[in-house]
Amino acid sequence: MWRKLVSESLMAPRCFIGPEKPTIIVDSLRKEFKEKAGSFSCKKRTKKAAARHVSFCVKKGEVLGLLGPNGAGKTTSVLMLAGELKPTAGEVILCSAGEDRTAFMGFCPQFSPLWPTLTVKEHLEIYAAVKGMKKDDTDQAIKRVSEALELKLHLNKPAKKLSAGVSRKVCFAISMLGNPTIALLDEPSTGLDPKGQQRLWRAIRAAFRNKERGAILTTHYMEEAEAVCDRVAIMVSGKLRCIGSIQQLKSKFGKGYLLEIKVKDSQRAEEIHQEVVRMFPQADRQDRFSSLLVYKIPMENVQSLSQAFSQLEEAKRAHDIEEYSFSQSTLEQVFLELAKEQEKDDCDQDAMFKWRPLKTESA
């Protein structure tokens with residue numbers, strides 16, 4: 001059974017239709033906001049598109065990571081999927097899971113929706129009741145989530161006494177009550193310490209791996225995306241710039257290799273730079289710190305990895321290099337390369353507004 005949550009456009013694209021229906025289909029989603037024009041007239045307004053024809057699907061058992069710089073349209077897209085914002089155009093189709101033929105969402109918003117005076121346990125009980133869960137099922141669910149997320153000591157605390165990290169855990173727990181068909185997780189690990197992040201990531205993977213439901217997760221942490229997500233989609237200036245597995249994105253958008261060199265004596269940095277250019281003629285120096293040199297190395301400069309490492313080992317001995325790392329482009333580097341497109345778009349828009357000198361009367 002398919003249920004349309006929004007219906008303001010054409011049918012779902014053919015690329016989404018296959019033998020196994022996904023948990024959710026997002027087709028040509030668009031959101032425009034009215035904003036004041038850059039002029040002295042307060043009445044004149046323009047429309048700015050925060051999301052532009054965004055289309056993707058989430059397969060069963062999959063966690064799809066939605067990445068992008070600030071202002072790329074991630075949260076706007078998630079709010080439209082959750083029903084918090086009405087889209088200007090587009091369609092969202094949610095597929096049912098299981099024999100009950102029903103389908104619903106779980107939502108972990110970016111900002112805490114907790115009531116200050118209610119305890120953690122009261123929050124879980126109220127949301128479980130809203131989702132139609134029986135009392136016995138609710139008690140079991142609270143027990144499981146308390147153990148998985150280490151919430152036992154906080155169950156009877158009011159929300160206003162919780163730390164930011166514990167509040168995020170509670171929001172995630174609420175979103176998972178009732179085994180939703182699709183979960184929308186908007187930066188769920190913000191505010192958690194490394195141990196808490198690891199525990200939350202394990203909980204997310206356990207909740208969706210090999211299950212009949214899926215999740216969309218927005219994050220600024222590349223480590224989180226690599227640890228949790230099966231596929232990643234990157235948004236830039238409201239558009240879906242690319243989508244695929246992390247390795248696919250690295251292969252397609254990663255530009256060669258990354259060389260990082262930590263030097264013992266910063267006075268020898270220029271000498272080491274000349275040696276790098278000799279080994280890799282098209283090496284492109286990136287950020288330079290007092291003791292760290294970073295280079296992008298094009299593919300064509302590396303005939304074989306064994307030869308590259310041999311040269312680097314020889315340079316390490318000859319130039320007293322403390323340590324180095326030579327690796328394929330990371331997801332973070334792919335992200336930063338694509339994020340530059342949004343910076344360019346912002347600069348182009350700013351260039352549209354230019355001050356013109358007033359005409360002065362001739363003497």
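- With hydrophobic clusters built from ILVMFWY side chains whose heavy atoms lie under 4.5 angstrom apart, Leu200 shares a cluster with Leu217.
- Within 6.0 Å of the CD atom in Glu271, the count of heavy atoms belonging to other residues, nucleotides or ligands exceeds 12.
- With hydrogens and angles disregarded, no donor-acceptor distance shorter than 3.5 Å links the side chain of Ser146 to the backbone of Leu151.
- A pairwise comparison of heavy atoms in Gly196 and Asp193 identifies N-OD1, 2.6 Å as the closest pair.
- With hydrogens and angles disregarded, a donor-acceptor distance shorter than 3.5 Å links the side chain of Ser55 to the backbone of Ser28.
- In this structure, the separation between CD1 on Ile216 and CD1 on Ile182 is 5.0 Å, given to the nearest 0.5 Å.
- When atom types are taken as modelled, the side chain of Asn301 and the backbone of Gln282 share a donor-acceptor pair closer than 3.5 angstrom.
- A donor-acceptor pair is defined here as one N or O able to donate and one able to accept, closer than 3.5 Å; no such pair exists between the side chain of Lys152 and the backbone of Glu147.
- Salt bridge Asp139/Lys143: absent, no basic N to carboxylate O contact under 4.0 Å.
- Between His220 and Lys74, the closest heavy-atom pair is CE1-NZ, 3.7 Å.
- Proximity of Leu185 to Val63: side-chain heavy atoms (C-beta onward) are nowhere separated by under 4.5 Å.
- You'll find the side chain of Leu293 stays beyond 4.5 Å of the side chain of Val276, heavy atoms only.
- A 4.5 Å side-chain heavy-atom check between Pro180 and Ser175 finds every atom pair outside the cut-off.
- Heavy-atom minimum distance, Ser189 versus Glu224: OG-OE2, 2.7 Å.
- Expressed to the nearest 0.5 Å, how far CD of Glu275 lies from NE2 of His319 amounts to 3.5 Å.
- Within the model, atoms SG of Cys57 and CD1 of Ile24 stand 10.0 Å from one another, a figure rounded to the nearest 0.5 Å.
- Linking Ile, Leu, Val, Met, Phe, Trp and Tyr whenever their side-chain heavy atoms come within less than 4.5 Å puts Leu240 and Leu184 in one cluster.
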Quiz prompt | Full working for side-chain hydrogen bond (donor to acceptor under 3.5 Å, both in side chains) between Thr88 and Glu32 | solution = CA-CA 6 Å; Thr88 304; Glu32 294 178 349; 4.8 Å; no
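- Leu85 is listed as a side-chain neighbour of Thr76, based on a closest heavy-atom distance under 4.5 Å.
- Here the side chain of Gln248 pairs a donor or acceptor atom with the backbone of Ser245 at under 3.5 angstrom.
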Practice problem: Just do the side chain to side chain contact (heavy atoms under 4.5 Å, CB included) check on Met176 and Phe208 with the steps written out, would you? | Solution: CA-CA 10 Å; Met176 296 306 300; Phe208 296 98; 3.6 Å; yes
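- Judged by distance alone, the side chain of Thr23 and the main-chain N or O of Val58 form a donor-acceptor pair under 3.5 Å.
- You'll find the side chain of Arg231 stays beyond 4.5 Å of the side chain of Phe56, heavy atoms only.
- Minimum heavy-atom separation, Val302 to Ala308: CG1-CB, 4.2 Å.
- At distances below 3.5 Å, not a single donor-acceptor pair connects side-chain atoms of Lys135 with backbone N or O atoms of Ala129.
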Practice problem: Go through Leu64 and Val232 one step at a time and tell me if the side chain to side chain contact (heavy atoms under 4.5 Å, CB included) criterion holds. | Solution: CA-CA 6 Å; Leu64 176 69; Val232 165; 5.9 Å; no
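- The aromatic rings of Tyr324 and Phe309 lie tilted to each other, with the angle between the two planes from 30° to 60°.
- Taking hydrophobic clusters as Ile, Leu, Val, Met, Phe, Trp and Tyr residues chained together by side-chain heavy-atom distances below 4.5 Å, Phe172 does not share a cluster with Met105.
- Checking side-chain atoms of Arg168 against main-chain N and O of Glu187 turns up a donor-acceptor pair under 3.5 Å.
- Summarising the geometry of Leu249 relative to Cys242, their closest heavy-atom pair is CD2-SG, 3.9 Å, with the distance given to 0.1 Å.
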Self-check item: Test salt bridge (Lys or Arg N to Asp or Glu O under 4.0 Å) applied to Lys250 and Glu226, step by step
Solution: CA-CA 12 Å; Lys250 286 180 181 179; Glu226 296 198 71; 3.6 Å; yes
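- In the displayed structure, Gln303 atom CD is contacted under 6.0 Å by at most 12 heavy atoms of other residues, nucleotides or ligands.
- Residues Pro158 and Trp115 fail the side-chain proximity criterion, which asks for heavy atoms closer than 4.5 Å.
- Within the 4.5 Å cutoff, side-chain heavy atoms of Leu67 are placed close to those of Met222.
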Exercise. In sequence, state the C-alpha distance, the side-chain angles, and the governing distance for Asp186 and Thr218, and then conclude on side-chain hydrogen bond (donor to acceptor under 3.5 Å, both in side chains).
Key: CA-CA 5 Å; Asp186 197 0; Thr218 72; 2.4 Å; yes
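- In this structure, Val26 is a member of the same hydrophobic cluster as Ile243, with clusters built from ILVMFWY side-chain heavy atoms closer than 4.5 Å.
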Self-check item: Worked check of side chain to side chain contact (heavy atoms under 4.5 Å, CB included) between Lys169 and His154
Solution: CA-CA 11 Å; Lys169 289 182 183 179; His154 305 285; over 6 Å; no
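- Remark: the backbone N or O of Ile174 is paired with a side-chain donor or acceptor of Lys131 at under 3.5 angstrom.
- Once rounded to the nearest 0.5 Å, the distance linking CZ of Phe104 with CG of Asn179 reads 7.0 Å.
- Of all heavy-atom pairs spanning Tyr127 and Pro113, the tightest one is OH-O, 4.4 Å.
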Quiz item: Step by step, would you call Phe107 with Leu79 a side chain to side chain contact (heavy atoms under 4.5 Å, CB included)?
Solution: CA-CA 9 Å; Phe107 181 34; Leu79 290 176; 3.9 Å; yes
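- Leu292 and Leu258 end up in the same hydrophobic cluster when Ile, Leu, Val, Met, Phe, Trp and Tyr side chains are linked at under 4.5 Å.
- Exactly one of Lys60, Lys59, Arg205 qualifies for a salt bridge (Lys or Arg N to Asp or Glu O under 4.0 Å) with Asp230. That residue is Arg205.
- Around the CD atom of Glu122, the shell of radius 6.0 Å holds more than 12 heavy atoms that belong to other residues, nucleotides or ligands.
- A side chain to side chain contact (heavy atoms under 4.5 Å, CB included) with Ser167 is found for one member of Thr190, Val120, Leu162 and no other, namely Leu162.
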Exercise. Just do the salt bridge (Lys or Arg N to Asp or Glu O under 4.0 Å) check on Lys316 and Glu313 with the steps written out, would you?
Key: CA-CA 5 Å; Lys316 181 180 179 182; Glu313 280 296 317; 5.0 Å; no
